[in-house]
Amino acid sequence: IAEYLELANQCRVRNEAGWHDRMLRATAAMAADGWNERQMRTSAAFACNGGYHDGDLGELIRSALSKYGGKTDAEFHAQDLQLQSIGSFDPAKLKPRQWIYGHQLIVGHPTLFVAAGGVGKTAYLLAVACDIAMNGGIFGQKIYRPGPVLYLNLEDDQIELKRRVAAIAIQHGFDLSTLCSRLFVHTKEDNEVRPLVIAEADDHGSVRLLTPITDALIRQIRQHKITALFADPFVATHAVNENSNTEINAVLGEWKRVAGVAEAGLGLLHHIRKGTAAAGDADAARGAGSMVNASRAAFTLLPMEATEAKDYGITAEDRLSYVRIDNAKHNLTKRNGATQWVKLESVSLGNGEPPYDSGDYVQAATAWVPPEPYDGFGKPERRAALLEIDTPSQLKEGLRYSKDKSTQTRWAGHALLANGVKTEGAAKSIISDWLKSGTLQERDWMNPGRRGESANQKALWVDWTKAPDQEFD
């Protein structure tokens, strides 16, 4: 048996014919000697590209067991199945979850980043990688384990990746030489010579895990003490049907093994399906649903919408420079509904030369915080706005303000915008606050400009006794 397995392994390593014949003889001999499936898989794993779970090995084992008898994996595990209680324990002594970067990356588990095309996904994740490498805190995330990072950029060539890294260093004041010593990469050019494809499937949907590649990757991660790795994009790391739950589950299982054995965090960048996607929608990921289910955390990256840009006072031309990041899977953290915003800045590399005198301008992701509703809206401005709402001077005689923006000129937000509030979104937020506190009261009202039932409407009055902090006498 040992001789057959060694010969099969030599065929595998040399990519020569004869592997199937020698493995057939080995599995037949094992089954004839009374081995069970688990013993056979364990002994033969080293001679198979797919390791323990190699599909071709599984077929040979099942055939041999059918011919000679012996226990399958299911039969072997069933004979010793016993249930036991969880047992008593002290919660205070449980090992906490090993987060690496905020609540986005965790040791030993994949995190899925689902992004729309052209949103700036690589700009963001590469900035995250640099943030971990430099312990920079550029996005306000707590960095629990700063250290070297591996970025598998399988779409950009090396010089383009260098441009991106340089833009990040310039934007955030990182020492470029120090950053480069801590940032390990595998680019499109590297991938053409040594493809980092960790799994492939045959025409029958049987997945073969390419464990020699993942084992080599694990060794490199350990050697360089890498704390987190990113695969951009995830689809370039496998050759299976991304719509098959079974096949994608196998690929993610192997990626999880890499992160677990290497004790590193893992970020997988994936694309959004065709059509409209909602922020924080776990089903927005293209392909099999198991992709999100098998990930420990998931986030969506989407461009700022036109309505959001209007609320924040951002021009239509600039809105695509703003990206929102929303949690799409909350099984490890509390639901807080918070959105992380990122702005893509255009950074000059200062590398101009004739005839390209202006040189390159490259995107670099930075943290962005939406303006607070009450910025520039102090006590005098608030009083003026409430006076206008309570006793309208800018509306036609007899009309009153409404909380609903659909009433157009009667919308109370106009009174706030005329008195220091910067954006429509801020005005809506303040009106909502005043309605909740009772400062604004909505009552039935007869619109003098309408007749019949359409005259029965709602309008706003001010209850001065409930004004914020009782600041209005």
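Side-chain contact check for I431 versus L440: some heavy-atom pair is nearer than 4.5 Å. Using a 4.5 Å heavy-atom threshold, the side chains of F377 and E372 count as separate. L301 is not listed as a side-chain neighbour of V342, based on a closest heavy-atom distance of 4.5 Å or more. Taking 4.5 Å as the limit, some side-chain heavy atom of T237 sits within range of a side-chain heavy atom of W255. Taking the side chain as every heavy atom from C-beta outward, C130 and L183 approach each other to under 4.5 Å. Between T211 and E254 the shortest side-chain heavy-atom distance falls below 4.5 Å. Side-chain contact between K121 and H271 is present, with heavy atoms from C-beta onward closer than 4.5 Å.
Between D318 and K343 no salt bridge is recorded (no basic side-chain N to carboxylate O distance below 4.0 Å). Taking a cutoff of 4.0 Å between a charged side-chain nitrogen and a carboxylate oxygen, K422 and D375 do not qualify as a salt bridge. Ion pair D215/R257 flagged as a salt bridge, since at least one NZ, NE, NH1 or NH2 atom sits closer than 4.0 Å to an Asp/Glu carboxylate oxygen.
P195 approaches I213 most closely through the heavy-atom pair O-CD1, 3.8 Å. When every heavy atom of T409 is checked against every heavy atom of L395, the shortest pair comes out as O-CD2, 3.3 Å. Scanning both residues, A459 and R410, for their nearest heavy atoms gives CB-NH2, 4.3 Å. Of all heavy-atom pairs spanning A264 and I100, the tightest one is C-CD1, 4.0 Å. Closest non-hydrogen pair, A364 versus Q171, comes out as CB-CB, 3.9 Å. Across W341 and P370, no two heavy atoms sit closer than the pair CD1-CG, 3.5 Å.
T439 pairs in a side-chain contact (heavy atoms from CB on, under 4.5 Å) with only one of the listed residues (D463, L460, L386), which is L386. With Y124 as reference, I325 is the one residue of V323, T366, I325 to meet the side-chain contact (heavy atoms from CB on, under 4.5 Å) rule.
One distance of note links CG of L399 with CD of Q457; it measures 9.0 Å at 0.5 Å rounding. Note that NE2 of H186 is 12.5 Å distant from CG of L229, once rounded to the nearest 0.5 Å. Of the inter-residue distances, the one linking L349 atom CG with K162 atom NZ reads 13.0 Å to the nearest 0.5 angstrom. Put simply, CG on L344 and CG on L320 are 9.5 Å apart, with the number rounded to the nearest 0.5 Å. Put simply, CG on D131 and CG on L179 are 10.5 Å apart, with the number rounded to the nearest 0.5 Å. Considering CZ of F113 and CZ of F230, their distance stands at 6.5 Å, rounded to 0.5 Å.
For the residue pair D175/T178, the side-chain donor-acceptor check at 3.5 Å is satisfied. Between the side chains of D190 and T187, at least one donor N or O lies within less than 3.5 Å of an accepting N or O. Of the N and O atoms on the side chains of D326 and T339, at least one donor lies less than 3.5 Å from an acceptor on the other residue.
With E242 contributing its side chain and A288 its backbone, the two residues share no donor-acceptor pair below 3.5 Å. D90 contributes a side-chain N or O that, together with a main-chain N or O of A92, makes up a donor-acceptor pair within less than 3.5 Å. When atom types are taken as modelled, the side chain of R208 and the backbone of E200 share no donor-acceptor pair closer than 3.5 angstrom. Panel note: side chain D360, backbone N351; no donor-acceptor pair is recorded below 3.5 Å. For R382 (side chain) and L416 (main-chain N/O), no donor-acceptor pair under 3.5 Å exists by modelled atom type. Side-chain N or O atoms of D157 include one that pairs as donor or acceptor with a backbone N or O of E160 at under 3.5 Å. T111 contributes a side-chain N or O that, together with a main-chain N or O of Q104, makes up a donor-acceptor pair within less than 3.5 Å. Judged purely by atom type and a 3.5 angstrom limit, H270 uses its side chain to pair as donor or acceptor with the backbone of R286. Judged by distance alone, the side chain of S295 and the main-chain N or O of A298 form no donor-acceptor pair under 3.5 Å. Formation of a donor-acceptor pair under 3.5 Å by the H238 side chain with backbone atoms of A201 is not found in this model.
Ring planes of W411 and H414: perpendicular class, angle over 60° (limits at 30 and 60°).
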Problem - Candidate pair F139 and Y101, rule ring pair (Phe, Tyr, Trp, His ring centres under 6.0 Å), full reasoning - result: CA-CA 10 Å; F139 294 113; Y101 189 75; 7.3 Å; no
